[in-house]
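Below is one structure; the comments refer to it alone.
Letters A, B, ... are given to chains in the order of the sequence lines, protein chains preceding strands, and every chain is numbered from 1.
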2 protein chains.
Amino acid sequence: MQNFHHTNDCPIRDILTRIGEKWPMLVLVTLHANGTMRFSDIQKSIADISQRMLTVTLRNLETDGLVSRKVYPEVPPRVEYKLTVTGQSLIPHIDALVGWALEHMPDILSRRKSRTA
Amino acid sequence: MQNFHHTNDCPIRDILTRIGEKWPMLVLVTLHANGTMRFSDIQKSIADISQRMLTVTLRNLETDGLVSRKVYPEVPPRVEYKLTVTGQSLIPHIDALVGWALEHMPDILSRRKSRTA
DNA sequence: CGGGATCCGTGCCGATACTG
DNA sequence: CAGTATCGGCACGGATCCCG
């Protein structure tokens with residue numbers, strides 16, 4: 001019997017610590033779809049994200065090297081975000097999950113409803 | 001500017017409701033690696049999952065149609081779980097994420113440490 | 001404009017005890 | 001063996017206020 005889910009050093013647990021959170025995937029695909037974006041543009045694109053959570057999410061993605069941040073020393077300030085090469089390398093896998101969801105979620109959602117009823 | 005992350009009917013949010021949780025992906029890859037498994041075997045394979053969380057996770061995956069459950073009317077009871085066809089169709093995408101993690105997580109983890117310091 | 005700091009509620013998840 | 005039931009902690013994330 002295979003058992004490779006060590007508590008430490010498990011790739012699935014590693015990746016869940018980031019993409020398992022609520023906003024990172026949405027931010028990544030938004031940046032991929034639009035290229036370089038300002039903070040306020042991302043916020044408008046993901047209508048219901050709070051200012052705080054967008055800041056936190058972008059900081060985490062920047063720390064992980066998936067998103068780059070460029071500050072223009074202007075008044076009023078301008079800050080632009082875009083995917084790094086590493087960030088772009090994750091996009092195809094997210095797209096694959098999205099494709100899977102588009103194909104299977106209708107059935108799954110109906111199953112959840114009938115189980116609730 | 002593209003904006004396709006509707007609060008409702010968004011495939012990314014849909015899929016996060018399941019794989020964003022702590023255990024489902026681990027259970028899916030465990031079942032894929034070992035085929036049909038008994039409850040106690042899954043629990044031994046994922047050492048630190050509690051009995052409660054394994055039960056909850058399996059019930060959710062069963063409701064979603066990703067895992068099938070078969071009860072043998074014996075004493076002591078025996079229950080076997082395995083992936084459905086739909087569940088198997090998700091495996092390649094999880095594997096892709098795992099492959100990405102194996103390639104990039106060492107760098108990401110070192111970035112997180114240096115940011116903490 | 002793009003944050004930072006703080007407070008706080010909700011729900012995921014863990015621990016424990018009990019059962020057919 | 002394979003659950004179910006209950007309690008409670010804790011961290012994710014929302015709301016609000018303030019700043020350069």
Just how far, in rounded Å, is [atom2] of [N] from [atom1] of [X]?
X	N	atom1	atom2	answer
A/D48	D/dC12	CG	P	19 Å
A/I49	C/dG2	CD1	C1'	14 Å
B/L54	D/dT4	CG	C1'	14 Å
A/L26	D/dG13	CG	P	11 Å
A/R18	D/dA11	CZ	P	16 Å
A/E62	C/dG4	CD	P	10 Å
B/E80	D/dC1	CD	P	14 Å
A/D41	C/dG2	CG	C1'	12 Å

Out of [options], whichever nucleotide has its closest atom nearest the side chain of [X]:
X	options	result
B/K22	C/dG14, C/dG2, D/dG14	C/dG14
B/P77	C/dG3, D/dG14, D/dC1	D/dC1
A/Q51	D/dT4, C/dG4, C/dC13	C/dG4

Look at the side-chain N and O atoms of [X] and state whether any lies under 4.0 Å from the OP1 or OP2 oxygen of [N].
X	N	result
B/Y81	D/dG3	yes
B/R38	D/dA2	yes
B/R52	D/dC7	no
A/S40	C/dG2	yes

Are [X] and [Y] close enough that some pair of their side-chain heavy atoms sits under 4.5 Å apart?
X	Y	answer
B/P77	B/V71	no
A/R78	A/K70	no
B/E21	B/N60	yes

*Closest approach of B/G65 and B/T84, non-hydrogen atoms and distance?*
O-OG1, 2.5 Å
*Do B/T17 and A/R112 meet the criterion of a side-chain donor-acceptor pair at a distance under 3.5 Å?*
yes
